[in-house]
Amino acid sequence: MENKIFALVDCNNFFASCERVFNPALKNKPVVVLSNNDGCVIARSNEAKALGIEMGAPIFKCQDLIRRHHVHVYSSNFVLYGDMSRRVMNTLAQCTPQMEVYSIDEAFLSLDGFKQEGLFDYVRSIRVKVYLNTGLPVSIGVAPTKTLAKIANRIAKKQASTGGVFCLTEEEDINHWLKTIDVGDVWGIGHEKTKDLKRHGIDNAYGLKVADDEWIKKHLSIVSLKTVWELRGISCLPIEEMVPDKKSIATTRSFGREVQTLDELKEAIAAYVSKAAEKLRDQASVCGYLQVFVNSNPFKGQNYYSNSAGVLLSPPTAYTGKLIEAGHRLLEGIYRPEFSYKKAGVFLMNLQPEAVEQGDLFEEAYHNSRRQRLMRTVDAYNRRLANHGGIFMAAEGIIQPWYMNQTHKSKRFTTRWDELLEISI
DNA sequence: TCTGGGGTCCTAGGACCC
DNA sequence: TCTGGGGTCCTAGGACCC
């Protein structure tokens, strides 16, 4: 049997690097990108990491470091990052017959059948190609399983001497490196499992590799057993080329400021439902269960309120108007005027393909209805024009005073004619 | 003043049934 | 005193990932 070879390509500090592509002055400077609502740090350039700015740290706790070291701060710009991701993935798709887009900044490539001699050079050429096409630096780890490729990638990223590419293929080599990897840094081993493993004397990835199968199955799970086998070089997780339909869709956001009135909450719920319904129609599904939640600020410590409510939708639908109506009814049931609200969200669940939906005795099905045609027209228009809002439901509001804070947002350089990069000479 | 968002899968436990 | 056993299905919550 032919040996399997996986490459994991991972963009370095992806969001921060995207900002850098369009602003060369950021080169070698500390850069951080914030979560929605400018809340936490979700990406850091190496320089920012070196300053001790932690991943996930609330920005107000780093204010001092940021001022002192002139850290460049950006609000998240997912339109830009999404488009840059698409460019990276398009480049990678040219480098292998089989790949899996694993996340916005990561992809697994199958390099089965490659001869050992040319492998390293080929992988290096992929790295160069991505950089030339997009301006983004990536690290690439190569190994006989996905889990080991993740580890090889980590080594490529941490050890400058690797030049961003690391192959982990020889058994002896693998064992040597696994001993240097904390067990909690193994893909699939999270915080809780790490504690459990360390209590039983398994501290590094090598310890996990040689652990007893029965013990792992009993104390962790069948999923972790696959992880262990993968560390042994037995591939259990294949490349998943097909992107399966989502089973649930969520849109949840914190507000830019506290919200008190039912009217404002209704606007927000309408806007979130609208966004979620768009994702729903993107995969040609209808939704059979809608859930809405609100909560006050959990960090205030006192007077916390959180509640949710859901409703079955019959027949299932993807019509924004109907979903908003249902969302508003749910909201009215859980709204309490004596609280102020910091966050709200909607979940679409019980999703199914629109074409096979079940009929309902009293109401017209969504599929092939006039409402479906209306939504298709709106979606097509918004996709093409995508300028300044497009078509939206009046219920979403226009001013949207509750909208999240994005004080440091860069332009959508790659997707908007009016936000193209300008260069002065 | 200021603390993200969006997913999947697994498991434990309750309800229910025979 | 002594009070079965096993199966399925559903749900909520946990754990993990990026």
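Atoms considered below: every heavy atom in the structure, side chains included; atoms not considered: hydrogens, waters and symmetry mates. In what follows, every chain begins at residue 1, and chains take the letters A, B, ... in the order their sequences are listed.
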Give [X] one of three labels, base, sugar-phosphate or nothing, depending on what nucleic acid heavy atoms sit under 4.0 Å from its own.
X        : answer
A:Glu106 : sugar-phosphate
A:Ile189 : sugar-phosphate
A:Val186 : sugar-phosphate
A:Lys195 : nothing

### Task
State the CG-CD distance between A:Leu34 and A:Gln406, to the nearest 0.5 angstrom.
9.5 Å
Taking the basic N atoms (NZ, or NE/NH1/NH2) and the acidic carboxylate oxygens, is any pair closer than 4.0 Å for [X] and [Y]?
X        : Y        : answer
A:Asp112 : A:Lys4   : yes
A:Arg383 : A:Asp282 : yes
A:Glu278 : A:Lys275 : no

Taking atom [atom2] of [N] as reference, at what distance in whole Å does atom [atom1] of [X] sit?
X        : N      : atom1 : atom2 : result
A:Glu100 : C:dC17 : CD    : P     : 15 Å
A:Asn297 : B:dT1  : CG    : P     : 12 Å
A:Lys150 : C:dC17 : NZ    : P     : 9 Å
A:Asp105 : C:dC17 : CG    : C1'   : 12 Å
A:Tyr81  : C:dC18 : OH    : P     : 19 Å

### Query
What class does the angle between the rings of A:Phe22 and A:Phe413 fall in, given that below 30° is parallel, 30 to 60° is tilted and above 60° is perpendicular?
parallel
### Query
Would you say a side-chain N or O of A:Lys342 is under 4.0 Å from OP1 or OP2 of B:dT3?
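Yes, A:Lys342 has a side-chain N/O under 4.0 Å of OP1/OP2 on B:dT3.
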### Task
Take nucleotides 4-16 of chain B nucleotide by nucleotide from the 5' end and write B, S or -, depending on whether a protein heavy atom sits under 4.0 Å from the base, only from the sugar-phosphate, or from neither.
BSSSSSSS-----
### Any-strand Watson-Crick or G-U partner of B:dC18, both distances under 3.5 Å
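Its partner is C:dG5 (Watson-Crick or G-U wobble, both distances under 3.5 Å).
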### Message
Around atom NZ of A:Lys157, are there more than 12 heavy atoms from other residues, nucleotides or ligands closer than 6.0 Å?
### Response
yes
### Message
With a 6.0 Å cut-off (strictly less than), is the heavy-atom count around CZ of A:Phe78, excluding the residue itself, greater than 12?
### Response
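Check passes, neighbour count above 12.
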### Message
Could you tell me how far B:dT3 sits from C:dC18 if I compare only their P atoms? Round to whole Å.
### Response
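Comparing P positions in C:dC18 and B:dT3 gives a spacing of 25 Å.
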